[in-house]
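Notes follow once the structure below has been shown.
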Amino acid sequence: QDCPIYAGMIESMDEAVGIVLNKLDELALADKTVVCFTSDNGGVSSGDAAATCNLPLRGGKGRQWEGGTRVPFYIRAPGHATTGTVSSVPVHGIDWYPTILELAGVAMPEKQAIDGVSLVPVLRGDSIPDRPFFWNYPHYGNQGGEPSSVIVERNWKLIHYHEDGRDELYNLAADPGEREDLARTEPARAGIMRRQLDSWLKATGAKFPTKDPAFDPARRAARWQKLQTTDQAALEKTHAAYLDPAFTPNNDWWGSAPREDGARSD
């Protein structure tokens, strides 16, 4: 929102997608080509870039809230979906594999476990059975994400934090910004969902974090204090400078400038 460098990267991506789609039209391949577009995370709102904001959703890339797990999900499938159609059916990244297999007319491998479901019925305006979604993120991330596991079932979401064992419960229909933790006021629901989550983690052989003997709570508290004061002020100053008409970027944004040998440092 206030980082034109990041906005320029997004513009470049838009233009690149347009080049591909235009070439498909030019070669008369558009009517028999499936085009998929998605992202691995929500927008960067913390950590190594802090370049954007996902409001009204909470958090962003690498985080356990909806700002981190809701991503773009577009499919252009001629003969299966009408251009411009929008669906509110919840889907997951694990659904890409079976969906692309069916669109390509390839049979599902008989001896391979398939986690997701084909979304071809959704593309045609039909429905698919309701199902819970699960995530396991058993480590810290450079974007600030905490070791946690998540279950979303219909409009309800439970987050379990491995560091201190606490749970958060949200009603995503009433509170899409995940501001009101209902774990204490809805203990029965939280308990049921936690047991579902624990069963899934056990069934999948999920990995869990282990305690760090060098952990220093005082250092972490100092780091959080610095993030909320000195670092926040520096970020605001930096982003304000971007909007100055006289602003000139340097030659090494995020270490991406070409080196003398023609390689890139990223």
Side-chain angles (χ1 to χ4, degrees), residues 1-13 39-72 135-150 157 159-170 172 175-181 183 208-259 264-266:
Q1 282 75 4
D2 60 358
C3 183
I5 292 87
Y6 195 79
M9 295 171 66
I10 299 300
E11 182 179 20
S12 294
M13 174 64 75
S39 174
D40 60 342
N41 286 273
V44 179
S45 66
S46 60
D48 60 1
T52 189
C53 166
N54 299 305
L55 289 175
L57 302 181
R58 183 179 180 183
K61 179 182 179 181
R63 307 307 292 264
Q64 61 276 12
W65 298 299
E66 293 296 281
T69 58
R70 291 199 187 193
V71 300
W135 291 263
N136 187 44
Y137 191 88
H139 55 84
Y140 297 93
N142 66 329
Q143 306 294 339
E146 301 172 66
S148 57
S149 300
V150 180
K157 177 176 181 178
I159 306 171
H160 173 68
Y161 293 88
H162 294 289
E163 184 178 88
D164 58 10
R166 77 186 190 279
D167 293 329
E168 292 177 355
L169 178 69
Y170 299 103
L172 297 179
D175 178 28
E178 295 168 283
R179 302 298 177 185
E180 185 179 3
D181 179 7
F208 299 101
T210 56
K211 289 186 177 181
D212 179 3
F215 172 68
D216 184 343
R219 288 182 61 187
R220 182 171 70 171
R223 176 177 178 270
W224 280 112
Q225 178 67 17
K226 181 175 180 290
L227 286 170
Q228 295 170 0
T229 54
T230 306
D231 290 1
Q232 179 67 24
L235 178 66
E236 294 292 339
K237 183 178 179 180
T238 299
H239 281 203
Y242 291 156
L243 304 179
D244 188 325
F247 172 76
T248 302
N250 63 28
N251 294 321
D252 192 30
W253 282 110
W254 294 319
S256 61
R259 299 200 303 258
R264 301 184 74 88
S265 57
D266 56 353

> Taking D181 for the side chain and E168 for the main chain, is one N or O donor matched with an acceptor at less than 3.5 Å?
Replying inline: no
| Counting only heavy atoms not in R179, do more than 12 fall under 6.0 Å of its CZ? | yes
Contacts of F208 meeting ring-ring contact (aromatic ring centres under 6.0 Å, His included) (sequence neighbours excluded), chain-then-number -> H162
Heavy atoms of P147 and Y140 approach each other most closely as CD-CE2, 3.3 Å
Does E178 reach the main-chain N or O of E66 with its side chain, forming a donor-acceptor pair under 3.5 Å? yes
Problem set entry | K226 backbone acceptor or donor facing T230 side chain under 3.5 Å | no
Between the CG atom in D175 and the CZ atom in R58, the distance rounded to the nearest 0.5 Å is 9.0 Å
Shortest non-hydrogen pair, R63 vs T69, comes out as O-CG2, 4.2 Å
Between the NZ atom in K237 and the CD atom in Q232, the distance rounded to the nearest 0.5 Å is 14.5 Å
So NZ of K61 and CG of N54: to nearest 0.5 Å the spacing works out to 12.0 Å
Heavy-atom side-chain proximity of Y170 to I159 below 4.5 angstrom: yes
Output for pair (R223 CZ, Q228 CD), nearest 0.5 Å, gives 10.5 Å
- Query: Do P138 and P209 touch side chain to side chain, with heavy atoms closer than 4.5 Å?
  - Reply: yes
W135 meets the ring-ring contact (aromatic ring centres under 6.0 Å, His included) criterion, sequence neighbours left out, with H92
| For E180, does the CD atom have more than 12 heavy-atom neighbours from other residues, nucleotides or ligands under 6.0 Å away? | no
Is there a side-chain contact between D167 and Y161, using heavy atoms and a 4.5 Å cut-off?
no
Shortest non-hydrogen pair, R166 vs E146, comes out as NH2-OE1, 3.7 Å
